[in-house]
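Have a look at the structure below, then the notes.
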Amino acid sequence: MNQEQISQILYEMALVTGGETHVEPLITKTLQRLLYHTAFPCGVFLSDIKEIKKKQYECKLEQVVGCGNFLEKKGKIISLPEEFMSERKGGLIADKKCISHIFGENIKYKVALILPVNSAEWFVLLNKNMPGFKLPIERIFEPVLKNFSKTLMLCRDNEKHTFLLEQEILHREELEISLRESKELLRNVLDTVPSRIFWKDKSLVYLGCNNLFAYDAGLKSNEEIIGKTDNDLPWGKAEADLYRSDDQKVIESGLPKVNYEESQTREDGLETWLETNKIPLKNSSGDVIGILGSYSDITDRKNAEKEIIKAKEEAEHANNAKSDFLSSMSHELRTPLNAILGFSQLMEMDDSLSTLVKEDVKEINKAGHHLLNLINEVLDLAKIETGHINLLVESIVYEELIFDCVSLIDPIAKQHDIQIHISSNTRGIAIRADSIRLKQVIINLLSNAIKYNRRGGQVNIDVNLTNDNFYRISIKDTGTGIKEENLNGLFESFNRLEAENTDIEGTGIGLVITKRLVELMGGKIGVETEFGVGSIFWIEMPGEFIMENELGVLKEDNVTPQAIDDRTEHNVLYIEDNPSNLKLVIQLFSRIPHIHLFTAHTPSLGIELAEIKRPELILLDINLPEMDGYKVLEKLRHNNKTSHIPVVAISANAMSKDLKRAAEAGFDNYLTKPLDVKHFYETVDEILLKNKTM
């Protein structure tokens, strides 16, 4: 290689390194010129040459020219043997083992010419045979490679700068796309939600809204809202001022105002109802810069509420009318019944009457009580259906409960020649229920078991604990049973299941009342029956097992009132305007000689007699002329001469509300018509005895 050839090489290489501005073409073109001028068939460019561990080296095979076998390793990390690194100082390596270690066992090249660009980057030219030139070829290319090194650095900086610039542009474009998509998404969300949404600046000027709000405001698009105030929108001045006042309060306080109702008049004049929320908008410093509002149209809900209120009022009106009717019916029926049952009971006490007459009186009394039971059951059913029934749930000793019920029903059982058997293993059982109502339930079931039994039959009462801590009370009869087709109507009001064609008395609502009372107390009721054999009616009530020493705590005190001393004179006043009722009570007291009865048919006369006679007891009707019994009681209580006298109401008003009102008014007791003569005497005795002991 002569001087002219070297000059040619340097000139061409200078053109390559001075004219190329991109890294990969610069490396490729330089490598091609090196191979051309050295007559080597293959060459590679190694970069990132470094020692990773002691005497272990690696590099990146960045470019390959002239050898397809190496293309698969392009861009990958390869290892360099220690011998290769030490031999490279001579520039020319003739060690096939070293070369094959780098490029693989199948390598056909055994000579490598190393042309360093710098300590981390080399050109390596490969050949099968040793070259024929003797000149130090690496030194010939040294000035070119130095220039190449500088050019390569500039190209890399330029590409890096260009890449960063491109990345920044791409990032900005992505941000713009993202912002645009976010804005579109937000707009879609705002226009999709069922609420109306708007936002204003601190001066209460609209900055934006969604489509629903724009529609309410009579605008063609949501963009038209920008720059407007409430005074520019179709709602009236009063509404606009109200909205702005609310907005200002939220802005000044910095506190939200949520879930409040307000009205709004639309562009078409339609008045609507809104449920509104307003919250202050704040900047990063926490300063209020505006307000965000939303509201929902609740007009349909408000209209529905009005309909519900109207329906409720109508239902209450109907219920009150029903209660008034029942109360009036009860009063009107009880008033004549008071005379019928009262005088029939007195006649039964008259020993001078013949046996035949007494039998007739007994039938009158029986019919009267049947009518009274019908009235009571209808009232009971009405109270249950309207929810006007109060329950006092407590622990009830089962054994005492059953014996009380049986003692009350036993006279009826004897009339029908029915034997009642009670299971003996019942001690320690307590039922959780209302005592009075549970007795009513059991007595009704026992009464049915007797009425629908055969003469000379049996009634068996049993109790067992179920799996869920309920006690099942079973009442089994030996009657005719119930036909299967009649079972569905068993608990229907006034359905007597063909018993109306028999001489068995009944109303057809006893089981209905029983079922509803049981369910109100948290229990269940059912029946097992076989036509022609008999039936088992059962109820299941929550219960508990109690120890023997706890039984006494649950037992009720059965105190029999002490009869008053018949040697002591007593004065009683009765204020009543109904002649029949007045006559009945006079007859009742005529049998007690030591009690002197004074009567008054008007309230004013009664109050006057009370002041003069100072009776120990006043019996007072409720429905009186001039003033009712409550007004009379009030006057008696405010009079120093009569305020201490016990007052017992006697009235045909037997609804629960009547009893409650009487108790709240301060009556000492309340007796309902028709009077139970025995209970009447006991009440009078109890009060007079109490006065004597005080």
Side-chain angles (χ1 to χ4, degrees), residues 13 16-17 20 22-131 133 136-157 159-160 163:
M13 298 297 289
V16 171
T17 57
E20 187 56 60
H22 294 85
V23 173
E24 187 173 352
L26 175 64
I27 295 173
T28 303
K29 289 178 181 179
T30 303
L31 189 53
Q32 288 172 341
R33 298 318 297 168
L34 288 171
L35 293 173
Y36 174 77
H37 287 291
T38 58
F40 276 63
C42 175
V44 299
F45 182 74
L46 304 179
S47 63
D48 298 331
I49 301 169
K50 56 188 174 183
E51 185 177 13
I52 55 172
K53 291 182 181 179
K54 189 175 182 181
K55 296 183 180 181
Q56 292 185 27
Y57 303 88
E58 68 176 20
C59 65
K60 178 182 178 184
L61 184 60
E62 192 166 333
Q63 187 58 278
V64 178
V65 173
C67 184
N69 293 337
F70 298 160
L71 287 177
E72 63 181 17
K73 293 187 177 183
K74 182 181 175 181
K76 296 183 179 179
I77 304 299
I78 61 175
S79 60
L80 298 174
E82 183 187 0
E83 296 84 359
F84 193 84
M85 295 300 294
S86 59
E87 293 277 349
R88 73 175 177 80
K89 294 179 180 178
L92 194 64
I93 299 173
D95 189 336
K96 185 178 179 181
K97 184 178 179 181
C98 287
I99 296 171
S100 63
H101 181 84
I102 301 171
F103 300 108
E105 293 293 335
N106 297 326
I107 188 68
K108 59 184 177 179
Y109 302 110
K110 50 189 178 182
V111 177
L113 175 63
I114 299 173
L115 299 175
V117 176
N118 52 55
S119 61
E121 294 173 315
W122 302 342
F123 283 108
V124 179
L125 309 182
L126 301 171
N127 204 339
K128 296 179 182 179
N129 304 311
M130 185 68 70
F133 52 76
I137 193 71
E138 71 275 11
R139 291 190 180 180
I140 295 174
F141 290 101
E142 185 176 350
V144 175
L145 294 176
K146 284 184 179 180
N147 188 49
F148 169 82
S149 179
K150 295 177 182 178
T151 304
L152 183 62
M153 183 176 66
L154 290 173
C155 288
R156 282 177 171 161
D157 289 344
E159 285 196 357
K160 182 179 180 182
F163 174 77

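Numbering starts at 1 and runs along the sequence shown. Computed from heavy atoms alone, side chains included, the values below leave out hydrogens, waters and symmetry copies.
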Next item on the list: Kindly compute the distance separating CD (Gln63) from CG (Leu61), expressed to the nearest 0.5 Å.
Entry: 8.5 Å
Margin query: Using side-chain heavy atoms (C-beta onward) and a distance below 4.5 Å, is Asn127 in contact with Pro41?
Written below: yes
Note to self: I need the Leu145 CG to Leu34 CG distance, nearest 0.5 Å.
What the structure shows: 6.5 Å
Note to self: Per the side-chain hydrogen bond (donor to acceptor under 3.5 Å, both in side chains) rule, what does the pair list look like for residues 43-55, sequence neighbours excluded?
What the structure shows: Ser47-Glu62
Note to self: Looking at every non-hydrogen atom in both residues, tell me the closest pair between Lys128 and Val111 and how far apart they are.
What the structure shows: O-CG2, 4.4 Å
Margin query: Please find the pair of heavy atoms, one from Cys98 and one from Pro81, that lie closest to each other, and give the distance.
Written below: O-CG, 4.0 Å
Notebook entry, point to check: Stepwise, does the side chain to side chain contact (heavy atoms under 4.5 Å, CB included) test hold for Leu115 with Phe148?
Noted result: CA-CA 12 Å; Leu115 299 175; Phe148 169 82; over 6 Å; no
Margin query: Give me the atom names and distance for the closest heavy-atom approach of Ile114 to Pro116.
Written below: O-CD, 3.6 Å
Note to self: Looking at every non-hydrogen atom in both residues, tell me the closest pair between Gly75 and Lys60 and how far apart they are.
What the structure shows: O-CE, 3.9 Å
Next item on the list: Apply the test side chain to side chain contact (heavy atoms under 4.5 Å, CB included) to residues Phe70 and Cys42: give CA-CA distance (whole Å), side-chain angles for both, the deciding distance (0.1 Å), then the verdict.
Entry: CA-CA 10 Å; Phe70 298 160; Cys42 175; 4.0 Å; yes
Notebook entry, point to check: Of all residues at least two apart in sequence or in a different chain, which pass the ring-ring contact (aromatic ring centres under 6.0 Å, His included) check with Tyr109?
Noted result: none
Next item on the list: Identify the heavy atoms of Leu126 and Ala112 that sit nearest to each other, and give their distance.
Entry: CD2-CB, 3.7 Å
Notebook entry, point to check: Which residue pairs pass the salt bridge (charged side-chain N to carboxylate O under 4.0 Å, His left out) test with at least one member in residues 106-125, sequence neighbours excluded?
Noted result: Glu121-Arg156
Check: What pairs of residues pass the salt bridge (charged side-chain N to carboxylate O under 4.0 Å, His left out) test when at least one of them lies in residues 29-45, not counting sequence neighbours?
Finding: Glu12-Arg33, Glu20-Lys29
Checklist line | Heavy-atom check, side chain of Ile78 versus side chain of Ile102, under 4.5 Å | finding: yes
Checklist line | Results of ring-ring contact (aromatic ring centres under 6.0 Å, His included) for Phe45 - residues two or more places apart only | finding: Phe123
Margin query: Restricting to non-hydrogen atoms, name the atom on Thr38 and the atom on Leu125 that form the minimum distance, rounded to 0.1 Å.
Written below: OG1-CD1, 3.6 Å
